[in-house]
Amino acid sequence: AHTWSAIISAHAKLGKAETALHLYHKMMVLGSKSDKYVFLAVLKACSTLSHVKLIHDHIIQSGLQSIVMIGNAMIDLYAKLSSLEEARAVFDKLLNRDAVSCNTMIAACTQYGKLFQALDCFKKMQGDGIEPDDVTFSSILIACSTVGAMKKGRLIHHQIVERDLQLLVNVGTALADMYGKCGSLIDLLDAFRSLPYRDIVSWGALIAGCVQCGKPHLAMKYFQEMQGEGFTPN
RNA sequence: GCUUCGA
């Protein structure tokens, strides 16, 4: 199974989804048993709901549905290909939820523009003794930015600083993004300057944020500066 | 060989 999962996931990562699914089919025909890594690899190759449902059935038949990593992948896929309700159904049934489960659910709520549900999930995970991590905070910030909730974003910002998580690029960039989308140029620049390093994504958040804040000339200035630091615009 | 976030 480990050699099958390696080759299936390699194809899935390279975007060769059909080939990955064919290999999975071949593996079954040859009578090899799937383990959790095979399922994770083949789930990555699923681009339609019907594929996901089919694999989900196989997972249930194998009795592997209660494995956290599998459940987490299912939450993500149902959110992206089906509906928030279906994602939540998997989330609710999962008994050994971890931070990734909650992060995935929060990102799912965000995708559907449900800030209140995202915040509720954030609150409940802490009630359940699951520690929020950097991914949790970056996801919650994106939820705030998509609905322009700067006041809530600031409260989250304080919790981030308490843990020094603003020093991580993903969190720092999400902060910059949130302030930019909410129109606070000062806070946007402050978040950007606190980043441990800059990459193409953080530059993008800065430039888009300047535009959002009504400062197109500043955006142009940073666009030049970005190229001066060797980044090619994407 | 392994799931979630900043585009």
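So that the names make sense, note that chain A is the first sequence line, chain B the second, and so on, each numbered from 1. Model, not experiment: these values are computed from the prediction.
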NA contact type, [X], heavy-atom cut-off 4.0 Å: base, sugar-phosphate, or nothing?
X      : value
A/N234 : nothing
A/S139 : sugar-phosphate
A/T104 : sugar-phosphate
A/V169 : base
A/K36  : nothing

Determine whether more than 12 heavy atoms belonging to other residues, nucleotides or ligands lie under 6.0 Å from atom OH of A/Y112. yes
Heavy-atom count check: over 12 atoms from other residues, nucleotides or ligands less than 6.0 Å from A/L30 CG? yes
Do the charged groups of [X] and [Y] touch, with an N to O distance under 4.0 Å?
X      : Y      : value
A/K124 : A/D120 : yes
A/D76  : A/K80  : yes
A/R163 : A/D134 : no

Pair A/W203, A/F223 - check ring-ring contact (aromatic ring centres under 6.0 Å, His included), show working. CA-CA 8 Å; A/W203 277 110; A/F223 180 63; 9.8 Å; no
Distance in angstrom units between [X] [atom1] and [N] [atom2], rounded:
X      : N    : atom1 : atom2 : value
A/I130 : B/U4 : CD1   : P     : 17 Å
A/R97  : B/U3 : CZ    : C1'   : 16 Å
A/L40  : B/U3 : CG    : P     : 7 Å
A/Y78  : B/U3 : OH    : P     : 19 Å
A/Q111 : B/G6 : CD    : P     : 10 Å
A/M69  : B/U4 : CE    : C1'   : 11 Å
A/N103 : B/G6 : CG    : P     : 11 Å
A/M178 : B/A7 : CE    : C1'   : 18 Å

Within residues 192-231 of chain A: residues closer than 4.0 Å to RNA chain B (heavy atoms): A/D199, A/V201
Does B/C5 have OP1 or OP2 sitting under 4.0 Å from an N or O in the side chain of A/K80? yes
Output the single nucleotide from [options] whose closest atom is nearest the side chain of [X].
X      : options          : result
A/K181 : B/G6, B/G1, B/A7 : B/A7
A/K13  : B/U3, B/G1, B/C2 : B/C2
A/H2   : B/G1, B/G6, B/U4 : B/G1
A/V100 : B/U4, B/G6, B/G1 : B/U4

Can you find a donor-acceptor N/O pair under 3.5 angstrom joining the side chain of [X] to the base of [N]?
X      : N    : result
A/S138 : B/C5 : yes
A/N170 : B/C5 : yes
A/D134 : B/G6 : no

Less than 6.0 Å separating the ring centroids of A/Y78 and A/F91? no
Is there side-chain contact between A/M178 and A/I142, with heavy atoms separated by less than 4.5 Å? no
